[in-house]
Amino acid sequence: MAIVETRGLTRIYRMGRSEVRALNGVDLTVERGEFLSVMGRSGSGKSTLLHILGCLDRPTSGEVFLDGVEVTRLPRKALPRLRREKIGFVFQQFNLIPTLTALENAALPLRYAGVGGKEQKRRAQEALEKVGLADRLHHRPSELSGGECQRVAIARAIVNRPALLLADEPTGELDTQMAAEIVNLLRHLNQEIGMTIIIVTHDPLVASRTDRIIHLLDGRIVREERPVAK
């Protein structure tokens, strides 16, 4: 069963008298439990696609279905709750709050959702244990390595048990070894928990660990492939 489907997805940015077609008729289906990567050179539309799938932006035209809901028809005021309940986000820059511990950073989505304090702590600790940080609960970002900070960011993204995890260049700030650890972690979450993951990456080694690779060029899907080894 598809968890994500787009039909004729177009996003046009107007700059003065000119316009830029960041997406130009994208049709995409992502099955529940799939691990998908999106590749393409800068300006190909990768991040624009991810932002629209994450309800951070709206298409100029076309339809987006998320977990059976046509999100393009929802009023804007309904989108924050949908994001909170259905989607987890991981970005290239970790976006952690430096004054908070790993546990407090991971619990933030639960606080915004109105979850009680004890349940916040329990679920945040559980998420940090899933990403291998059981011994770093009370460390602040300045006391963690880059790879550990990204693990905290992933814990924060999965603490609400989202239907979909979106990752935008999550290994871009990491060295080769740390990047491999993060990809292995995402693969584990996909295989062991069944989490659907869409990852934007420039790195062919990262993409090779996914189930399917979508190649974008000038806002269009120009090629798909399925890596042999993961």
Side-chain angles (χ1 to χ4, degrees), residues 1-5 30 32-36 47 49-59 64-141 144 148-170 182 185-186 188-190 192-200:
M1 178 181 177
I3 191 169
V4 172
E5 185 177 0
V30 181
R32 190 177 303 275
E34 189 174 5
F35 190 4
L36 174 78
S47 292
L49 176 61
L50 209 68
H51 289 170
I52 290 176
L53 295 182
C55 302
L56 297 172
D57 192 12
R58 284 190 183 265
V64 179
F65 295 84
L66 172 61
D67 208 14
V69 176
E70 186 180 354
V71 298
T72 39
R73 292 184 179 272
L74 293 177
R76 288 189 181 275
K77 64 182 181 181
L79 296 180
R81 181 177 179 180
L82 180 73
R83 287 193 295 267
R84 194 165 59 238
E85 294 179 351
K86 297 284 188 181
I87 307 168
F89 296 94
V90 181
F91 300 102
Q92 182 172 342
Q93 273 123 14
F94 319 126
N95 297 335
L96 301 179
I97 297 177
T99 57
L100 299 183
T101 65
L103 189 66
E104 291 166 337
N105 269 289
L108 279 175
L110 300 173
R111 182 187 301 179
Y112 298 145
V115 175
K118 287 185 178 179
E119 182 66 5
Q120 283 183 37
K121 183 177 179 180
R122 186 189 70 78
R123 286 172 56 179
Q125 183 170 338
E126 180 183 82
L128 287 164
E129 289 170 355
K130 278 190 173 74
V131 301
L133 290 179
D135 59 344
R136 294 288 191 270
L137 301 181
H138 304 294
H139 288 63
R140 289 181 169 78
L144 301 172
E148 288 172 333
C149 283
Q150 192 59 292
R151 286 174 180 267
V152 175
I154 293 171
R156 181 184 59 194
I158 67 173
V159 75
N160 264 344
R161 301 162 187 162
L164 176 65
L165 181 66
L166 301 176
D168 194 355
E169 295 285 1
I182 292 302
L185 171 60
L186 293 175
H188 172 78
L189 292 172
N190 170 253
E192 299 301 318
I193 304 176
M195 183 168 289
T196 307
I197 301 174
I198 301 177
I199 179 172
V200 162

Flag side-chain contact, heavy atom, 4.5 Å: [X] against [Y]:
| X | Y | result |
| --- | --- | --- |
| Glu126 | Arg161 | yes |
| Gln150 | Pro170 | yes |
| Thr101 | Leu137 | no |
| Pro59 | Thr72 | yes |
| Asn190 | Ile193 | no |
| Val152 | His139 | no |
| Leu128 | Arg136 | no |
| Asp168 | Phe89 | no |

Ion pair Glu119/Arg122, N-O distance below 4.0 Å |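 Looking at Glu119 and Arg122, the cut-off is met.
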Verdict with reasoning, Glu104 to Arg156, per salt bridge (charged side-chain N to carboxylate O under 4.0 Å, His left out) | CA-CA 9 Å; Glu104 291 166 337; Arg156 181 184 59 194; over 6 Å; no
So, the side chain of [X] versus the backbone of [Y]: is there a donor-acceptor pair under 3.5 Å, distance only?
| X | Y | answer |
| --- | --- | --- |
| Thr196 | Gly33 | yes |
| Arg83 | Cys55 | yes |
| Gln120 | Val115 | yes |
| Glu70 | Val64 | no |
| Arg32 | Ala2 | no |
| Arg140 | Pro98 | no |
| Asn105 | Leu100 | yes |
| Glu85 | Ala113 | no |

Nearest-0.5 Å distance that lies between atom [atom1] in [X] and atom [atom2] in [Y]:
| X | Y | atom1 | atom2 | answer |
| --- | --- | --- | --- | --- |
| Ile198 | Leu36 | CD1 | CG | 5.5 Å |
| Leu56 | Ser47 | CG | OG | 11.0 Å |
| Lys130 | Ile158 | NZ | CD1 | 6.0 Å |
| Arg58 | Ile52 | CZ | CD1 | 10.5 Å |
| Arg84 | Leu110 | CZ | CG | 11.0 Å |
| Met195 | Ile3 | CE | CD1 | 9.5 Å |

Of Leu186, Ile182, Leu185, the residue whose pairing with Val131 passes side chain to side chain contact (heavy atoms under 4.5 Å, CB included) =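 Of the listed options, the one satisfying the test is Leu185.
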Partner of Leu66 by side chain to side chain contact (heavy atoms under 4.5 Å, CB included), out of Leu53, Leu82, Leu74 |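 For Leu66, the side chain to side chain contact (heavy atoms under 4.5 Å, CB included) check succeeds only for Leu82.
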Which atom pair, heavy atoms only, marks the closest approach of Ala157 to Pro162?
->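 Closest heavy-atom pair between Ala157 and Pro162: O-CG, 3.4 Å.
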Which atom of Pro141 lies closest to which atom of Cys149, heavy atoms considered |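 What the structure gives for the nearest pair is O-SG, 3.6 Å.
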Could you walk me through whether Lys86 and Asn160 pass the side chain to side chain contact (heavy atoms under 4.5 Å, CB included) check?
-> CA-CA 8 Å; Lys86 297 284 188 181; Asn160 264 344; over 6 Å; no
Take Ile154 and Leu189, measure what side chain to side chain contact (heavy atoms under 4.5 Å, CB included) needs, and give me the verdict at the end.
-> CA-CA 10 Å; Ile154 293 171; Leu189 292 172; 3.8 Å; yes
